[in-house]
Amino acid sequence: MLVKLQPGCSNQQIAAVCEKINGQGLRAHIETGVTRAIVTVIGKVNGGFQVLREQLESMVGVEGVEQISKPYKLAARKDASQKTIVPIGHDLKMGGDQLIIVAGPCSIESEHQLRTIAVSVHRSGAHVLRGGAFKPRTNPREFEGLKEDGLKMLRDIGGELGMPTQTEVMEPYDVEMVSEYADILQVGARNAQNFPLLKAVGQTRKPVVLKRGAAATYEEALGAAEYVLDGGNPNVILCERGIRTFNTITRNTADIAAIPVFQHESHLPIMFDPSHGVGRRHLIPNVALAGVAAGADSLHLETHHKPEEALSDGPQSLRLDQFAVLMAQVRLMNEARRQCNALKMNLS
Ligand code: PEP
Ligand code: MN
């Protein structure tokens, strides 16, 4: 069940609605949107759904009460205008008007490597520096990352350039430590249904990028988001990074349709990762532009100054000159998208 408050209603009115819900042994969850607040009722309304509905509907400031049939109640979009904006670092916002570019190497390999890549992508227009320090690898004898030493490099170089940072966390017991170094926690595709990890990042208030599992349905991806939101962390970003299909030329199949699907189903910002989505450098620019056209709030791009020497994901890492050209193209595509959206708004 969800309670839509009238636009401009007071904090006391919202509090009264929550009190009524909590008083029934249920849990009230407030989402303060751009135009109105929405209170979601968590828990089973035993028998008295109609009674509670009528009581809530008669309260001052309440516009209406509706049922939510979706299992991902907190992640679900309840209103056409509902959109969550996740603050990143000091002055960035994901889910707002600005397209946020996240770029950097798959793995942090050395200070020299990270600085060379970071300086270049920053100059080309990237906002957030990514780099893996804990790497999930298919084979146990592959490079597993520099761990805490890598996190220190990420923090220091991000700090020098004024770029917020994003890095993967793989274990619940590392969440606190990784949170001290990075601005955004990434939960990888392989951990998309690691429920203890989802609960652990839900206990922080850090922005969390949730990669879609390689075989996850849309509902499962939204279910993962629900775990983090349920822990009390509202700063969730959904990331489409490709799914496993019968295709073999590409590493995965970049699911562009996931972007409008997630937008329709959820109020959470959407990041698109064409690097893991197709896994082949020459294909990434066009697929990235398609993601911008489809409405992604953010792009995630792996980059390397010497991809042929990269310790992980070299074949999908853009060279720095390629990244610079792609950024110029992204700006043009983003402007086209802005104009398309304006046209749509005029029609509706
Ligand atoms: C990564 O971002 O380097 C990564 C391992 O991503 P994914 O979990 O999407 O494979
Ligand atoms: Mn990678």
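No experiment lies behind these values; they were computed from the predicted model shown. Whatever order the structure lists ligands and atoms in, that order sets their numbers, starting from 1.
- Residue K211 places at least one N or O, backbone or side chain, under 3.5 Å from an N or O of ligand 1.
- A side-chain donor-acceptor contact under 3.5 Å links T35 and S81.
- In terms of polar-atom proximity, defined here as any N/O pair under 3.5 Å, A189 does make such a contact with ligand 1.
- Of all heavy-atom pairs between G96 and D297, the closest is O-OD1, 4.4 Å.
- Remark: the backbone N or O of L74 is paired with a side-chain donor or acceptor of E226 at under 3.5 angstrom.
- Distance alone, capped at 3.5 Å, places no donor-acceptor pair between the R130 side chain and the L301 backbone.
- Using a distance-only test at 3.5 Å, with no hydrogens or angles considered, a donor-acceptor pair links the side chain of T245 to the main chain of N247.
- Residue D273 has no nitrogen or oxygen atom sitting less than 3.5 Å from a nitrogen or oxygen atom of ligand 1, judged on distance alone.
- Each of the following atoms of ligand 1 lies closer than 4.0 Å to a heavy atom of E302: 1 (C), 2 (O), 3 (O).
- Set against the non-hydrogen atoms of C106, the atoms of ligand 1 under 4.0 Å away are 3 (O).
- Partner of Q166 under the side-chain contact (heavy atoms from CB on, under 4.5 Å) criterion, out of L185, I237, L129, I184: I184 alone.
- If you number the atoms of ligand 1 from 1 as listed, the ones under 4.0 Å from a heavy atom of Q186 come out as 1 (C), 2 (O), 4 (C), 6 (O).
- Remark: ligand 1 atoms within the under-4.0 Å shell around heavy atoms of G188 are 8 (O).
- Sorted by first then second residue, the ring pair (Phe, Tyr, Trp, His ring centres under 6.0 Å) pairs that include residues 165-212, not counting sequence neighbours, are F195-Y227.
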Expected list for residues 321-334: side-chain donor-acceptor pairs under 3.5 angstrom, two or more places apart:
residue, atom, partner, partner atom, Å
Q322, OE1, R319, N, 3.0
N334, OD1, R337, NE, 3.4
N334, OD1, R337, NH2, 3.1

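- I259 and G295 make their closest contact through CG2-C, 3.7 Å (heavy atoms, listed as atom of the first residue, atom of the second, distance).
- The stretch residues 261-283 participates, sequence neighbours left out, in these side-chain hydrogen bond (donor to acceptor under 3.5 Å, both in side chains) pairs: K70-E265, Y72-E265, T84-H267, K211-D273, D273-H276, D273-H300, H276-E302, H276-D313, H276-Q316.
- Only protein atoms were considered; those of element N, O or S under 2.8 Å from the Mn ion (ligand 2) number 4.
- For G132, the heavy-atom gap to ligand 1 stays at 4.0 angstrom or more.
- Put simply, the side chain of N233 gets close to the backbone of T204: a donor and an acceptor are under 3.5 Å apart.
- Interface of E168 with ligand 1, defined as ligand atoms under 4.0 Å from a residue heavy atom, comprises 5 (C).
- Summarising the contacts of atom 2 (O) of ligand 1 with R251, R130, H300, R190, the nearest heavy atom is found in R130.
- For the pair K135 and ligand 1, a heavy-atom separation below 4.0 Å is found.
- Close approach of ligand 1 to R241 (heavy-atom distance below 4.0 Å) involves ligand atoms 7 (P), 9 (O), 10 (O).
- A salt bridge links R212 to E240: one of the charged nitrogens lies within less than 4.0 Å of a carboxylate oxygen.
- The heavy atom nearest to atom 1 (C) of ligand 1, considering only Q316, H276, R137, is found in H276.
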